[in-house]
Amino acid sequence: MDSAAASADGGAFLEFVDYAISMLSSSSSGGNGDESPGAGPAPARPPWGWAVAQVLKSCCAYSSGVTAAILLSDLFQSWTEQRKSLTAKRKVELTNLLKTRNRRRRLPNTITIDSIHEKNFLSPKSVLEAVVIDVFVIPGTNIYMLTLGDMWSTSTIDLYLHRRYYNYIGQHDVLKKGREVMLTGCCLRTAMEGSGHARILPTEYMVMLLDEEEDEDAMLLAAQFCTYSFSSMMLDENRNNISYSFYARIEKIESLEPFGSTERKQIVLVDNDDAKIKFVLWGEQVLLANLFSVGSMLALDRPFIANYVHNNHEESQELCLEYGSATQVYLVPIAQQEEQVLLTPTQIRSQGSRLSCVPSDHMASQVTLPRDLHGSVDFSKYPFRVYVSDLHDKMVGVSLFGMVTSVCKASTSGTYFYLEIEDATRVVLMKLNFIGLWSLGRVGVGHMVYMSGLTCTLSSTNKLEVAWTEKEPGSLFVNISLLPALLNSTCLHNLSLLSDLPHSTNRTHICHVRLDHIDVNSLKLHLTIADDSEKVFAWCIGQTAVEFLQISPDEYMELPEDERAMYLYTLQNENFTVAIANTSQRIEAYIEGEKSLPVWEITRAQKCE
């Protein structure tokens, strides 16, 4: 398979993605080699799925259409923000402060200090992963400040320390220079409000990171968190008079039914005796869950002990832990395991000239990707396109681009769907789990879709199962055939003649056409469109039908019969730009002249002025 064949299903859209990736790779060739996903000194490449998602994000933001310059500008800005690293001096300084030996994964909501200064904004839901560079008191006050830096920024920022952490500076000497911390629930005091520079206001949601391989941290854990177990606490009738400290692994993080209007989340903890307990967060406290990851160890000092409240709002006899006013949280992050992944022959061949920015003797043949707790390889940062033929067991965070060949509900009720998509290599059936009934939107056979966040596992019968869940971080589902911006974004499509349609049915075509004939019923609009090469019998519904009729189908049906005929006559020979997809495998019937059932759906239409 050559490069053209590999991207035939996506046409100019995927060609632009590849072009943009090559441009970003070239621009970052002078960056740090430690961020390169491949072996050797090849310049860092943006993840393929990230690039597609960014292009689609811009298309949604500019619904009237985008240009190559707009897309490249947005991509470059986003990629530059991700790639920012410290100057040599600052990086050496922070590297000496950071004594953590194991690499850990950056959390989904993490932002950089540089981005805070650039945007002059900080969302309470954002996460800061930082290291304490300095601890000081504002002169003439007893207010503690922390100077924070991170591994992705050239600048620092000061934090007003919340008083619940003051004891951990002097008496315990835990919060000091070199300590890694994670914060959320933060608000920014901007420079315009009187200070000479932006500062972060106090937050109750800060977690100090510990390293079991550091002597001081290991002694703290052994002295303070190894006395009690969940079982001993549950059996102790005097538990309300004891200040407990627990050390346990995070097994699960999940949302609970709100208690009235109060949001709730629970973290299921497992201690060394395999006893389990729920750590429940209420209201604003749920922000704290943004700092946790499954598999990490949580050290809880003085949690509040309460009776668990079920979804029916009834208090049970089951005990749980809560984040009280005196509770302190430490975290031992799980070390990130990695695996070398070889590029498949399809991926190597499909890159072709796209890797022209990389010297041929340094062309990457493998990449290093992280593994999760279950041993699955995370492909969310994979620099190349994944094809259906590349799917195998123990893959997560996979992105796919292809044409829908079938779609149906998995049951009469619920939000599960089966979707079958095809790319240039193969067809795959997947199960989708949406949050709401209408989250899927309108998806039909022949539509081009992009998905990220797919997982691949083997069933008990050794069959590959591909699944997708909307609420999982990194999950995205976009029906490209329905994007309004597609029609006016010439950098993302090549115009087709109607006579080209039967010879290329595995893509969404963009055509300039004139309206030749139109029929209307209450469900679908049947119409004949034409250009200088051919006439095509097609159908459309919804907003696309309104574009052609210039009134809603219901309004049209309310017209007297003689007025309907006259109205349709006035629409003939109007010019439109349309996106058209093949919704049936019955293309032979079209070629033979059977036109009772149209096989082409017009997914988007826009009248030409």
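All residue numbers refer to positions in the sequence shown, counting from 1. From a predicted model like this one, the values you see are computed outputs, not experimental measurements.
Within a 6.0 Å sphere centred on CD of Glu318, heavy atoms belonging to other residues, nucleotides or ligands number more than 12.
Ring to ring, Trp48 and Tyr382 are not that close: their centroids are 6.0 angstrom or more apart. Between Phe246 and Tyr244, the ring center distance clears the sub-6.0 Å criterion. When ring centroids are compared, Phe477 and Tyr450 stay outside the 6.0 Å threshold.
Using a 4.5 Å heavy-atom threshold, the side chains of Leu319 and Asn307 count as touching.
Relative ring orientation between Tyr330 and Phe225 is described as perpendicular, the plane-to-plane angle rising above 60° on a 0-90° scale split at 30° and 60°.
Under a 4.0 Å N-O distance rule, the pair Arg179/Asp217 qualifies as a salt bridge. One finds no salt bridge joining Glu204 and Arg163 here, because no Lys/Arg side-chain nitrogen approaches an Asp/Glu carboxylate oxygen to under 4.0 Å. Between Glu465 and Lys431 there is no salt bridge, since none of the side-chain N atoms of the basic residue sits less than 4.0 Å from a carboxylate O of the acidic one.
A side-chain N or O of Asp423 and one of Thr425 form a donor-acceptor pair less than 3.5 Å apart.
For the pair Lys278 and Tyr308, the distance from NZ or CZ to the six-membered ring centre is under 6.0 Å and the angle to the ring normal is within 45 degrees.
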(request) Under the ring-ring contact (aromatic ring centres under 6.0 Å, His included) rule, what do Phe434 and Trp468 come out as? Steps first, then yes or no, please. (result) CA-CA 9 Å; Phe434 287 90; Trp468 180 88; 5.0 Å; yes
